[in-house]
Amino acid sequence: MNASSPMKEVGRPLVEVRNLVTRFDLKTGLFGHVSGRVHAVENVSFDIFPGETLALVGESGCGKSTVARSIMQLDKPRSGSIRFDGVELVGAPRQVVAKFRRQAQMVFQDPFSSLNPRMTIEQSLIDPMRVHKLGSLETMRARAAELMAKVELAPELLERYPHAFSGGQRQRICIARALALRPRLIVADEAVASLDVTIQAQVINLLMDLQRDMQIALLFISHDMAVVERIAHRVAVMYLGEIVEIGDRRSIFGNPQHPYTRKLLSTVPIADPTRRPEGRVPMSDEIPSAMRAPDFVPVELPMHQISSTHYVRQVAAG
Amino acid sequence: MIPANSAPPELPEDVILSVEDLEVSFAVRSRAPFRAVRGISFTISRGETVALVGESGSGKSVTAMTIMRLTEYDGAAITGGRVLMRLKDGKVADLAKLSEKRVEALRGAEISIVFQDPMSSLNPVFTVGDQIAEAVVHHQGKTPEQARQIALNTLKLVRVPDAERRLDQYPHQLSGGMRQRVMIAIALACRPSLMILDEPTTALDVTIQAQILDLVRALQQEIGMSVLFITHDMGVVAEVADRVCVMLKGEIVETGTVYDVFAKPRHAYTRALISAVPRLGSMADKDAPEKFPLLVFEPERQLAEAGK
Amino acid sequence: ETKNPGTFVFMWTDDIQSFDPAYIANTPSSYGALNIYSRLLNFNGSKISEFVPSLSTEVPSLENGLIKQGDDGSVSYTFPIRKGVFAHKVGVKGADGKITWEYYDKLTDAQKAAIAPGYGQITPDDVRYSLLRAILQGQSWMSNAITEVITAGKYTDIAKWVETEGKVKTFAEASPETLRKVYDQLSEQIVVDGDNVTLKLPKSFPATLGVIALPFGTSILDKEWVASVGGWDGSGDNWKAHYRPELGANPLFAEENGTGPFMLEEWDRTDRRITLKRFDNYFQGPAKLERVVMRTVPEWTTRRLQLLSGDADFVAAPVEFIDELSKTEGVKVIDGLQKVFSRGIFFAWPLDDNDNPAIGSGKLDGQGIPPDFFADIDVRKGFNYAQNYDALINQVLLGKTVQSRGPTVRGIMGYRPDSPIYSYDPAKAEEHFKKAFGGKLWDVGFTFTAYVTEGNPQLTAALSALQMGLSRINPKFKMQIQALPWASVSDKLNNREKPAAPLTVMGWGPDYSDPGGPLGAASYYLSPTGLVGGMVGQGYRDLMAEKFKPLLDEAWASNDPAVREPIYAKLQDMSYEYATTQFLWEDFGYVVTRSNIDGYVDNMILYGAWDFYPVTKAND
Amino acid sequence: MLTYALRRLMMLPIVLFALSLMIFALQMSLSPTQRLAAYAPSPDYLKGGQESIRRMIEQYGLNDPFYIQYGRWIGGVLTGNLGWSETARQPVSTALMSLFPATLELVVLAFIPCLLLAVFLGSRAGIHLNRWPDHVIRIFTILGWSFPVYVFGLLMLLVFYSALDWFPPGRLSQWAQTTVSSGNFVRYTGANTVDSILNGNWAIFVDSLRHLAAPVITLTYVNVASMTRVMRTSMLETLRQDYVRTARAKGLPRRVVELKHARRNALLPVATIAGMELAVMMGGVVITETIFDYAGLGQFAAKTAANLDFPAVLGFGLYFAVVLVLMNLIVDLIYPLLDPRVKTQ
Amino acid sequence: MKFLRYLARNPVSLLGVVILLAFVLIAIFAPMLAPPQSFQLSPYDTPRAGFLATPMPPSRDALFGTTQGQYDIFYGVVWGTRTAFKIGLGVVAISVLIGTVIGAVAAYYGGLVEEVLMRIVDVFMAVPFLIAAMVLTALLGKGIWPITIALTTFGWMSYARIVRSEILRIREMDYIHAARAYGASDLRLIVLHILPNAMFPVLVLATMATGSMVLSASALSFLGVGTEEGYADWGQFIAYSRNWIVGQPGNPFQFWYTLAFPGAAVFLFVLSWNLVGDALRDMLDPRHSH
Ligand SMILES: Nc1ncnc2c1ncn2[C@@H]1O[C@H](COP(=O)(O)OP(=O)(O)OP(=O)(O)O)[C@@H](O)[C@H]1O
Ligand SMILES: Nc1ncnc2c1ncn2[C@@H]1O[C@H](COP(=O)(O)OP(=O)(O)OP(=O)(O)O)[C@@H](O)[C@H]1O
Ligand SMILES: [Mg+2]
Ligand SMILES: [Mg+2]
Ligand code: NI
């Protein structure tokens, strides 16, 4: 419970992301002419250490999921490097990726579309093991039951189909599936956003227990600053595809530097009626879009170091 | 239809809505009807904001929709209780027993609702202006021109920038936050005395959510209507509510002022709920992440799940 | 009341191919030529060997001296041409000297006086031109019949003539000189001589007058008009350009300028409707009907209901409805009309044994038949005894016709009502089958497929009856039936070394009343170069060449019916004896009209085509 | 949207080319003798004997290799000549052009009531899901599509022509036909209803409607089923939508909610298939036209197919592809009017 | 289990299943219900009581009467059940197979492959179904094989489209991403995760289409390119009735039996498949809760 931040002890990061760029072309017209481009991820760099939780926060559409998918090799980055355990993944041969996929797993936001509706829970849990040929059917079954216990679900439920479960239960099953291969990295993409607070708290506690037990590195994507404050060792704030501020949790929450980080913090409703904000003037500004003209060249603003673990990007003029 | 022989229901002067022992069931073929709301009671006073909280599926939306008499379209029936409402003309009506025709006249005019998902709650093929003005034309018998003017004013009221232009736009041309404002404008257009907001911010971005909450608060001060605010986010409750009703499995397990409920939750479920709420700043002096100090509310929970 | 008084609404399922008489060759198409054009001679009512004058003022005969026989065996036919016959449209010379074509019916007297000589006026030269044109166009076998008449059977068509004359492989290679030479030879045989036109034949051709009276290439055109619409102008140097014209490029395809009782008012090919209008100045007096509308209506129920409601005056009807219709009020049925058409099942041998699904294994092992299966006369006889002729005639044809006795049918020379015919006789069939292939056939049985053109329930029934007969004689006798589109049936029979179809149901009829000659019934069936012979294989042709051809030649060489008749009768008997074909029945005709329609004349050799001239529609 | 439509239009030549190759290949799978049947459509034509058959094959170049025949045909097509149809006794293009107005008239007249009825019945059934209007409509539509068209057509004839003499077959009565054929009647379009109006001849207008009624009813009935189904499903879908709930919450009367808010949106999927449906109807009038003796494309196409009249089959195939694409194009262009969401995308 | 529970609650669907089962039984027991005679070349050749064209009313010899050409209607209806199943299931099964493969390949490979395949689909869509089927049967000859080939050749496209769009939709579901993330191979993704989910709308469509194939075959029979003369096929029997639907004046329904029996068979067949299809759709609808 009292483990201090692991980065000081472990030398090498498990995941090293450097200058990751992912853009999506929007094609229109007769010959698929590129009429615009979504700069979903621009020049993003960060590390994740074993046993550490890095939280990635930001508004909807700012590119959090794209970062996650790029790490998971589900999206092809335009440029940049992603190393896992020192091995480069971008452009890596299939075997390397396959090996990586045994060690990294992802949990998705929507518990309703994350499970194959035509597979029983047991089949869903066993499938990853089958893919990697981990033992006989009996051992895999035993492991599935074990996993169910781990996420506090009764093993009898294994024969059920997903539609028989509530969202929270499904999310726990997804976590169980992610654990099936004993991963070293879990990417949780808004994995608790759709859950009730009580269940959300349970799931977060569960994740933290698992992380502690198995020294899992966790990339925790969220837009809920209050949740992030509880779970994260370090926090990266994304805005329009870029990381605008990154640092250890206490620096970010205690000493936010970037105006966007501050805004994000100020909008969190405080669950205490005695601390109601007074006299806030209703705003009506909207979130800008990351869509750009095809010939747009992004200007890269420098990052400034605030402390040994805290960096902030310079604010664009105007 | 109001039974002719019963005496007209009465309400205390400052109460605008009183739900008494309301029971709602869904007919499920070949099985016993599912009781989604099991005899709940609460009141809302003039100008007051009541928050209805509870876990997903506890019956919050069903309660709200039943007050609007919309659940019957989903196959539900009011199996007991009353929903008394003080109308603008001072009379008191039992919404649970009104005829379809009379309910139609009340909906939108006396009592209105804003739904959770602004993306799907607006009709994609009609302009924003039409959708706001429609209810005005219908309830107040205004001409289309007058209604348009009212729609414009309402849009301005909900702080939609560039309201004239927006009036002729279609929902898909607006952002999520803007659409939720339009939904609020629709609900406000006829100046109802009670507005129900069913999780109006859950589908929105964090920064937008704050804007909407600010707006609701400001509007309530400006127009002075009562609000029934449904949410499962205790942070939101803390920000907007005067009083809180906590729902669990179709029943209200606790009612009280927002201060009392947060400070001294009495019911075990409320305590569990409040303990699970992440509070910004609560970790300010901690080095490492910490788990939630969970209070287990139902020891038989796992059993129940296993047997489901 | 009578619907559409004066208009005869004629609903059929057929179609006219072209209005150019030299182009057409089938019965439906002949309706146009028959009613719009005139010929030198007409058939005398329903008689098929008697003629009456038309554009020729006399019917040539030996007696009146218009037929002359030369010492070298040559024969000449002379036709005195009627004077003062005008076509539907005539060329009127305007003040500017230009000639415009106007409807004769609409001319004022002044205009009549200004008719340019020969323009729309029928002259002996027009007659010669029309015959030459039909021959040189070389398109239809009915026009080629004129070539055969003129060459007395030496050449079947003009192409053959040119190829022989120019010693080239194909017509296309022929030099202009050759073409000119053929033209010159031809024009020496069709000569204008004052008001007469004379045909000079190198040899006797007994069916000459029959061909002249047919409503095809012998229909008379006006040369000036044809030239004016872009057709052949009669010159001997450019006729190749008009040889075998593309249907649509033919200027006479949808236009006419005949001398017949009706004019083509409209041919709406989209609506499949032809409207004929009365020609008031027809040289034998105007017709009774003002208009004839011919519609193609494929669906029987639709036709029937239109007949019943009076919207149609004539409908083509399936046989099975004629009894019922004859009892219907307002409807008149004339049935039992004789036809020269007979139906048969053709045996073919030797069969194509190359990838031919019809003969199964291709061996005598029960799973197929050997390619020369029908070469065995016992097989053919067995098949002929296995057919239930009576059932077919009584049930399919409602007893309204008779069993066919061979190639020659009632009304044609050589037909004898007492000649031998096959009947359903399982015992005899068994006897023959047991003899066939040394008895092996009976033990192992056979399997093969017989073909029929689809959409013809009567012919299918004929195969079905045969199939039943065979399988009841010996369950190992399996004849499958397959209905195919006409194209595929044709493919199994034509343009190939050996036929692929073991058995085919079809039928043919002669095109003139004489059984001999290239288009006669006997030749169609029994000549090695005949129509049937061309389709059913070398084995059949060899049989014909050996046994039948000498007799055919002998009969054709004579002009004396007393000599010819016994020979044709003998051929008829021989076709029974050799079981050349399974002759089924003679087709019969019937017409279904409203009861106020009168004046229909059935002529067998015209295949019952309607001559609308004598037809009347009474008003009730 | 427009570019998308144009893109579709640009695909057309490729589709047409592939289609023509496909049909041509089918044709070439036949022997020359079989293909000759297009020129010699019945046994009569073979009376000339084997010699004549060979000459005809030569005349029409049926022995030439594939590429020469295809080249000949495509060369013609590029100069606007689709070849000669022996079935129609006309050039294929003329036949298609002259038959098109008749079929278009019939199909459009049937399509409009079909669409309206489908929208009406489909929304009714959707609104009253699982109650008697829904059951009645379902039975009605299933009846419609499980009855062979010709059975329905013949029964129509029995009732409306034979018994009542209201709706005769054909396109015009004889007297009307005589008027139309006379030079005084200008045939602007070839569609009798339109032409009679343009000529100001009401008697003929009424007559042509009388003749159109039975095939129109038949076509409507057999085609309304599938569209009603789509409408019903789509109505069920929209009735579940949140905006319908919003409309109710506004206090709008039931009729307004169902007929304005729900039905308007439920129309969208119907609109997307409508163009296709119309085109399919234009290809599927074969039987209706045969039964009602209505000289149009369907009857013609069926006859050419049965006769293996390949120039016409090819022409008809190309025509149909063009109609299909045009219909879809029209739908694409109309769609933004119905659904504002696509306009700006 | 689920199915039975659904049926118990939906008498109309139950009716559909019962009718369908009845047809299955008739098909199975056809040799007992209408025993073929020893000299018949094939049991599908309907025996005929002579060659008279005019139909004969029901009698002891022919329970349902005889149709045009004296073919026994009872025999034709009984054995026609087998034909209906053969054509319906045959056409639909092959179409679904072709459509699924093409749709799946198109969706999976995308890019040029997809473009080409979908253009091929367009080409086939651009062929008027009935006419194309006619040409093909005219080429291949009559019989149920040619019919099956013709109906499939021009009938697989809708399945390809559905499969493709379903796959494109399902491909974006998180469980596919999850499976890819744990390293499932492409084949495994398609076969185990995508196709089973994509096939259900296809199944519903196929069920509905099965019934209507008999109708398409009947249209071909009407146009003269259906089954062989006398082949026990409802479509052909209905086509035989075409001249007899309108009876004589004064007795318009004289030959009712020629249409009524085969017509009822087709109607019930189509109806039952439709009801079963409706039921399947309801059951597979994710919104349907129980
Ligand atoms: N496949 C794609 N094609 C085109 N644009 C895409 C694609 N995937 C994502 N985008 C765009 O890239 C941007 C970043 O998307 P991403 O899903 O990473 O955002 P996010 O931060 O995860 O948002 P959310 O909180 O809503 O999940 C968005 O504008 C999105 O529309
Ligand atoms: N149309 C319906 N048919 C059957 N049951 C329903 C229907 N709508 C709601 N229910 C049930 O009624 C109960 C209450 O649902 P309700 O929507 O009121 O929950 P809620 O408290 O609003 O939850 P959430 O926070 O997820 O919106 C749930 O168990 C739900 O399954
Ligand atoms: Mg995301
Ligand atoms: Mg709710
Ligand atoms: Ni279920």
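Small disclaimer: the values here were computed from a predicted structure and weren't measured. Here is how names work: the chains are called A, B, and so on, in the same order as the sequence lines, proteins then strands, and each is numbered from 1.
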Chemist: Heavy-atom cut-off 4.5 Å, strictly under: side chain, backbone, both or neither for B:Val240 against chain A?
Modeler: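 Only the backbone of B:Val240 comes within 4.5 Å of chain A.
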Chemist: Any salt bridge linking A:Asp209 with B:Lys291? Criterion: basic side-chain nitrogen under 4.0 Å from a carboxylate oxygen.
Modeler: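 Counted as a salt bridge, because a side-chain N and a carboxylate O are separated by less than 4.0 Å.
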Chemist: Per the salt bridge (Lys or Arg N to Asp or Glu O under 4.0 Å) rule, which among A:Arg234, A:Arg249, A:Arg212 passes with A:Glu52?
Modeler: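 Of A:Arg234, A:Arg249, A:Arg212, salt bridge (Lys or Arg N to Asp or Glu O under 4.0 Å) with A:Glu52 is met by A:Arg234 alone.
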Chemist: When heavy-atom pairs shorter than 4.5 Å are enumerated against chain A, which of B:Ala238, B:Pro278, B:Ser56, B:Gly54 gives the highest number?
Modeler: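 Looking at each option in turn, the highest pair count goes to B:Ala238.
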Chemist: Tell me, for A:Leu207 versus chain B, whether the close heavy atoms (under 4.5 Å) come from the side chain, the backbone, both or neither.
Modeler: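 Contact with chain B: none, neither part.
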Chemist: Is it the backbone or the side chain of B:Phe262 that comes under 4.5 Å from a heavy atom of chain A, or both, or neither?
Modeler: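 For B:Phe262, side-chain heavy atoms alone lie under 4.5 Å from chain A.
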Chemist: With a 4.5 angstrom heavy-atom cut-off, is it the side chain or the backbone of A:Ile231 that approaches chain B, or both, or neither?
Modeler: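 The backbone, not the side chain.
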Chemist: Any ion pair linking A:Glu229 and B:Arg279 (charged N to carboxylate O, less than 4.0 Å)?
Modeler: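 No.
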Chemist: Do B:Gln220 and B:Thr49 have side-chain atoms, one donor and one acceptor, less than 3.5 Å apart?
Modeler: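 Result is yes, a qualifying pair exists.
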Chemist: Side chain, backbone, both or neither: which part of B:Val236 has an atom under 4.5 Å from a heavy atom of chain A?
Modeler: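 It is both, since atoms from each part get that close.
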Chemist: Calculate, to the nearest 0.5 Å, the distance between atoms NZ and CD1 belonging to A:Lys64 and A:Ile243 respectively.
Modeler: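 So the gap between those two atoms works out to 12.5 Å.
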